[in-house]
Amino acid sequence: MATNKVLAFDLYGTLLSTESIAKRLESHFPDKAQSISTLWRRYQLEYTWRLNSMGTYEPFSSITRNALHHALSEHGESLNDSEIENLMQAYDNLSTFPDAQGALNSLRKIPTDKVTSVIFSNGTHSMLANSVHRSSDLSSHASTFADIVSVEDVKQYKPAPAAYRHLAEKVRKSEKLEDVWLVSGNPFDVVGARSVGLNAVWVDRGGAGWVDNVLPEVRPTVVVRSLEEVVGVVRAE
């Protein structure tokens, strides 16, 4: 590659599996854990979009907590304050997807003057630092990431354009947006990045193909089935 490229990894839903929280919920609701977990994630994202539309910001930690209460209520369930706090702490120690470890090991072999890797997430600085430096799955890879970029600095959630422009500024690529490659398993994130001029790799683990049609002309730069393909794809561009 002639120029340094930046790989900006989304955290939740890309490196870390939010479904792994269902294991914690099973101790409280054996028959509803998966359903509550799925709804929790749905409202977590929906709340960020609604807040963006209203021009209002709440920290991602508060959104995550509020979305959990919403998901529990729709299932006719509740937890006490201590149980809620334990689940929130578990969010800082989510499991990685199976393909994450191999991908991160490959990144270690790439000179940083060729590819620089960062985390780019809706999470607060505190949440992201805990996940990267303390979680059992990610802590051994903490040195792989040159920076941890949070939308908390601009108080606008993905897919707001300001979030991606903040990323470009942080990695000193405001004048060369095409050198920034978002890596995400979330279609809304990919569309947001592409809409402002960044490249984007969509991780299609389910193999269903691209179906997001919010802006039919906006598609991923590259589609992969596994994070382990990402390094090779970006180096080839």
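Numbers here simply count residues along the sequence, with the first being 1.
Side-chain contact between L11 and I148 is absent, with no heavy-atom pair separated by less than 4.5 Å. F120 places none of its side-chain heavy atoms less than 4.5 Å from the side chain of V171. At least one side-chain heavy atom of S126 sits under 4.5 Å from a side-chain heavy atom of N130. Under the 4.5 Å side-chain criterion, counting only non-hydrogen atoms from C-beta, I63 is not in contact with N122. A heavy-atom distance below 4.5 Å is not found between the side chains of D92 and R134. Annotation: side chain of I84 is in contact with side chain of H69 (closest heavy-atom distance under 4.5 Å). Under the 4.5 Å side-chain criterion, counting only non-hydrogen atoms from C-beta, H75 is not in contact with F29.
A parallel orientation is assigned to the rings of Y57 and Y157, their planes being inclined by less than 30° (bins at 30° and 60°).
A salt bridge between E85 and R65 is present, with a side-chain N of the basic residue lying under 4.0 Å from a carboxylate O of the acidic one. Under a 4.0 Å N-O distance rule, the pair R50/E46 qualifies as a salt bridge.
Formation of a donor-acceptor pair under 3.5 Å by the S150 side chain with backbone atoms of G123 is found in this model. Under the 3.5 Å distance criterion, the side-chain polar atoms of W40 are left unmatched by any main-chain donor or acceptor of L72. Side-chain N or O atoms of H70 include none that pairs as donor or acceptor with a backbone N or O of N66 at under 3.5 Å. Side-chain atoms of K173 never come within 3.5 Å of backbone atoms of L198 as a donor-acceptor pair (strictly under, hydrogens ignored). Remark: side-chain polar atoms of Q101 are paired, donor with acceptor, to backbone N or O of D137 under 3.5 angstrom. Side-chain N or O atoms of E83 include one that pairs as donor or acceptor with a backbone N or O of N80 at under 3.5 Å. Of the possible donor and acceptor atoms, none in the side chain of T116 sits under 3.5 Å from a partner among the backbone N and O of V6.
Each of V223 and V233 belongs to its own hydrophobic cluster when Ile, Leu, Val, Met, Phe, Trp and Tyr are linked at side-chain heavy-atom distances under 4.5 angstrom. In terms of hydrophobic clustering, with Ile, Leu, Val, Met, Phe, Trp and Tyr side chains grouped at heavy-atom distances under 4.5 Å, M54 and V151 are assigned to a common cluster. Clustering ILVMFWY residues whenever any of their side-chain heavy atoms sit less than 4.5 angstrom apart, transitively, puts V180 in a cluster other than the one holding V191. Linking ILVMFWY side-chain heavy atoms closer than 4.5 Å, directly or via other members, places L15 and W202 in two distinct hydrophobic clusters. Transitive grouping of hydrophobic side chains (ILVMFWY, heavy atoms separated by less than 4.5 Å) keeps V190 and L227 in distinct clusters.
Considering CD of E74 and CZ of R42, their distance stands at 6.5 Å, rounded to 0.5 Å.
Listed by first then second residue, pairs satisfying side-chain hydrogen bond (donor to acceptor under 3.5 Å, both in side chains) with a partner in residues 205-220 read D99-R205, not counting sequence neighbours. Each side-chain hydrogen bond (donor to acceptor under 3.5 Å, both in side chains) pair with one or both residues in residues 11-28, not counting sequence neighbours, appears once here: D10-T14.
Closest approach of N199 to E178, counting heavy atoms only: ND2-O, 2.7 Å. Closest approach of A160 and N52 over heavy atoms only: CB-ND2, 3.9 Å. Residues P59 and T124 share a closest heavy-atom pair of CB-CG2, 4.0 Å. Of all heavy-atom pairs spanning L16 and L94, the tightest one is CD2-O, 3.5 Å. Shown here for P159 and G192, the closest heavy-atom pair between the two residues is CB-CA, 3.8 Å. Residues V154 and A163 approach most closely at CG2-CA, 4.2 Å, considering heavy atoms.
Other residues, nucleotides and ligands place no more than 12 heavy atoms under 6.0 Å from the CD atom of E169. Within 6.0 Å of atom CZ in R172, 12 or fewer heavy atoms from other residues, nucleotides or ligands are found, so the atom counts as exposed in its surroundings.
Donor-acceptor pairing under 3.5 Å is recorded for the side chains of T64 and Q44.
Here F188 is tied into one hydrophobic group with L45, W49, each link being a pair of ILVMFWY side chains closer than 4.5 Å.
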